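Presented below is the structure to which this report refers.
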Protein chains: 2
Amino acid sequence: MPAGLPDRPVPPEGPTTEALICFNLYAASHAFIRLYSPHLERLGLTYPQLLVLLLLHQKDGQRVGELGAALAMETNTLSPLLKRLADTGLLTRVRSEKDARSVEVRLTTEGQIKAAAAAEVPACIAQEKGMTEDGYRWSLKTLQALRGWIEEAARESER
Amino acid sequence: MPAGLPDRPVPPEGPTTEALICFNLYAASHAFIRLYSPHLERLGLTYPQLLVLLLLHQKDGQRVGELGAALAMETNTLSPLLKRLADTGLLTRVRSEKDARSVEVRLTTEGQIKAAAAAEVPACIAQEKGMTEDGYRWSLKTLQALRGWIEEAARESER
DNA sequence: TGCGATTAGATCGTGTGCGATAAAATTGAG
DNA sequence: CTCAATTTTATCGCACACGATCTAATCGCA
């Protein structure tokens, strides 16, 4: 399990972008989402919308804050996203009776169907592209360690 | 060096987002860029703009296509980005004399100063956050393998 | 019990990132 | 030499992602 900050400078003329962990994450993230795009197009969803449906498929009726925490997104990004999904009839947003500051998000019937189809997408990509268990586990482990490190670094900045 | 598709499905109710390599890349990428944001704000740059300046700092006078290849960006993203940087006086865009389809991108004097400052940002983050050589190398290795796999998967889709 | 502090979600403006499309220039087969 | 195919860059519209800011509701200390 690696530890430490990964964006390490190299030559005196400054780092090449390829040597930056941040850039490699950035490029890998966009490229991976592009692998999803045939499925996203088929479902009429964007990647962040697919993520929301996956979360609600797992556990319907979550609050906006819970979804935001799970996706590491602030509400300035999430609220408009949920509004668009509500506008297309896939989910509803209702103020909580227990705490009127909170909004509960639930899938509609159409949303449940779409969420079930969305839940199959990662498996479709797994099947189409071929995968090994080791590659999956190795990458996931490293990314989770990296995310842990980034969170730790962010917490240190707040002191 | 891991191989294989990393987004592997898990339980029958569909994958959790945390189990998806794609989501972990996505979340890590945004979180890492947020670590950069104090420096980005100080420079008056966005992250993609910083990347462009890093590339031109390394080698001025590149064509748009070269920059796009290095950043894994299409010209529909890159052209507006370069236009904005040109509008703020950091670079110029000139049609190549050798091939009028191509545009050469060069830093202005102000751009060179800003690019030199930009080149110091990754080192600043390295110093502020503490880093280990092993953590850096491990993460970079895994991300580069992942990017290689994604590119291979993308090529297969085009056949 | 009052009210300042805090929490939760929302809106606005700007810069990407991508699907779609277009214009201009170059290449090379016929 | 012609012209279809290809290449390069650009524009448009939409969905984020984030900094900034706002409104409404709840909490808990005095």
Side-chain angles (χ1 to χ4, degrees), chain A residues 23 25-52 62-69 71-88 90 93-105 154, chain B residues 23 25-52 62-69 71-88 90 93-105 154:
Chain A
F23 171 69
L25 283 170
Y26 175 87
S29 175
H30 288 297
F32 211 131
I33 292 172
R34 290 196 291 268
L35 282 191
Y36 271 70
S37 69
H39 297 278
L40 294 171
E41 183 174 357
R42 174 170 56 80
L43 291 171
L45 296 172
T46 64
Y47 185 70
Q49 290 172 350
L50 180 126
L51 292 174
V52 167
Q62 296 188 53
R63 290 179 291 105
V64 172
E66 290 178 284
L67 294 173
L71 298 179
M73 276 183 184
E74 301 291 317
T75 62
N76 54 358
T77 298
L78 200 43
S79 288
L81 203 164
L82 295 174
K83 184 176 190 305
R84 282 187 289 273
L85 286 170
D87 289 345
T88 60
L90 296 179
R93 300 185 296 163
V94 177
R95 286 283 163 185
S96 171
E97 291 183 2
K98 288 176 286 189
D99 183 338
R101 294 172 297 179
S102 293
V103 166
E104 283 179 15
V105 184
Chain B
F23 171 70
L25 282 171
Y26 176 86
S29 175
H30 287 297
F32 210 131
I33 291 171
R34 289 196 290 269
L35 282 191
Y36 271 69
S37 69
H39 297 279
L40 293 172
E41 184 176 356
R42 175 170 55 79
L43 292 170
L45 296 173
T46 65
Y47 185 70
Q49 291 172 350
L50 179 127
L51 292 174
V52 168
Q62 296 189 53
R63 292 179 292 103
V64 171
E66 289 178 285
L67 295 172
L71 297 179
M73 277 185 183
E74 300 291 319
T75 60
N76 52 0
T77 297
L78 201 42
S79 290
L81 203 162
L82 295 175
K83 184 177 190 305
R84 282 188 290 273
L85 285 170
D87 288 345
T88 60
L90 296 180
R93 300 184 295 161
V94 176
R95 286 282 164 187
S96 170
E97 291 182 3
K98 289 176 284 187
D99 183 338
R101 293 171 298 178
S102 292
V103 166
E104 283 180 15
V105 184

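Order of the sequence lines sets the chain letters (A, B, ...), proteins ahead of strands, with each chain counted from 1. Only this structure's heavy atoms are used, side chains among them; waters, hydrogens and symmetry mates stay out. Note that the coordinates shown come from a computational prediction; the quantities given were computed from them, not determined experimentally.
Looking at heavy-atom distances under 4.0 Å, A:Gln49 makes contact with sugar-phosphate atoms alone, never a base. Nucleic acid contact for B:Ser102: sugar-phosphate only, since backbone atoms but no base atoms lie under 4.0 Å from a heavy atom of the residue. Residue A:Leu81 is in sugar-phosphate contact alone, with no base atom involved, counting any heavy-atom pair closer than 4.0 Å across all strands shown. At a threshold of 4.0 angstrom between heavy atoms, the contacts of B:Arg84 include nucleobase atoms, whether or not backbone atoms are also involved.
Side-chain N/O atoms of B:Arg101 and base N/O atoms of D:dT9 include no donor-acceptor pair closer than 3.5 Å. Counting atom types as modelled, A:Asn76 pairs no side-chain N or O with a base atom of C:dG9 as donor and acceptor under 3.5 Å. At a cut-off of 3.5 angstrom, counting only N and O atoms as typed in the model, there is a donor on one side and an acceptor on the other between the side-chain of A:Thr75 and the base of C:dA10.
When rounded to the nearest whole Å, the span between CZ of A:Arg42 and P of C:dG19 equals 16 Å. Between the P atom of D:dA17 and the CG atom of A:Leu71 lies a distance of 10 Å, rounded to the nearest Å. In this structure, A:Gln62 places its CD atom 15 Å from P of C:dA8, rounding to the nearest Å. One can place CD of B:Glu104 at 14 Å from P of D:dT8, the figure rounded to the nearest angstrom. One interatomic measurement links the two molecules: CD of B:Glu74 to P of D:dT7, which rounds to 13 Å at whole-angstrom precision. What separates CG of B:Leu25 from P of D:dA17 is a distance of 14 Å, to the nearest Å. In this entry the distance linking CG of B:Leu40 with C1' of C:dT14 reads 15 Å, nearest Å. Taking atom CZ on A:Arg95 and atom P on D:dA24, their separation rounds to 10 Å, with Å as the unit.
Side-chain nitrogen and oxygen atoms of B:Thr46 include none within less than 4.0 Å of the OP1 or OP2 phosphate oxygen of C:dT14. A sub-4.0 Å separation between OP1 or OP2 of C:dC18 and a side-chain N or O of A:Arg34 is present. Contact between the side-chain N/O atoms of A:Tyr26 and the OP1/OP2 oxygens of C:dG17 is found at a separation under 4.0 Å.
Nearest-nucleotide positions on DNA chain C for A:Arg93 and A:Ile33 put A:Arg93 closer to the 5' end. Place B:His30 and B:Glu41 on DNA chain D by their nearest nucleotides, and B:His30 ends up nearer the 5' end.
Here the nucleotide nearest the side chain of A:Ala100, chosen from C:dG17, D:dT7, D:dA25, is D:dA25. Side-chain proximity of A:Thr77 to C:dT16, D:dC18, D:dA15: nearest is D:dC18. With D:dT11, D:dC16, D:dA25 as the choices, the nucleotide that has an atom nearest any side-chain atom of B:Pro80 turns out to be D:dT11. The side chain of A:Val64 has C:dA10 as its nearest neighbour among C:dG19, C:dA10, D:dA25.
Residues B:Leu45 and B:Leu50 come closest through the heavy atom pair CD1-CA, 4.3 Å. Residues A:Ser79 and A:Arg93 share a closest heavy-atom pair of O-NH1, 3.7 Å. A:Thr75 approaches A:Pro80 most closely through the heavy-atom pair O-CD, 3.8 Å.
Scanning for side-chain hydrogen bond (donor to acceptor under 3.5 Å, both in side chains) contacts around B:Arg42 gives B:His39, with sequence neighbours left out.
Checking side-chain atoms of B:Arg95 against main-chain N and O of B:Arg101 turns up a donor-acceptor pair under 3.5 Å.
Ring geometry for A:Tyr26 versus A:His30: interplanar angle over 60°, hence perpendicular rather than tilted (30 to 60°).
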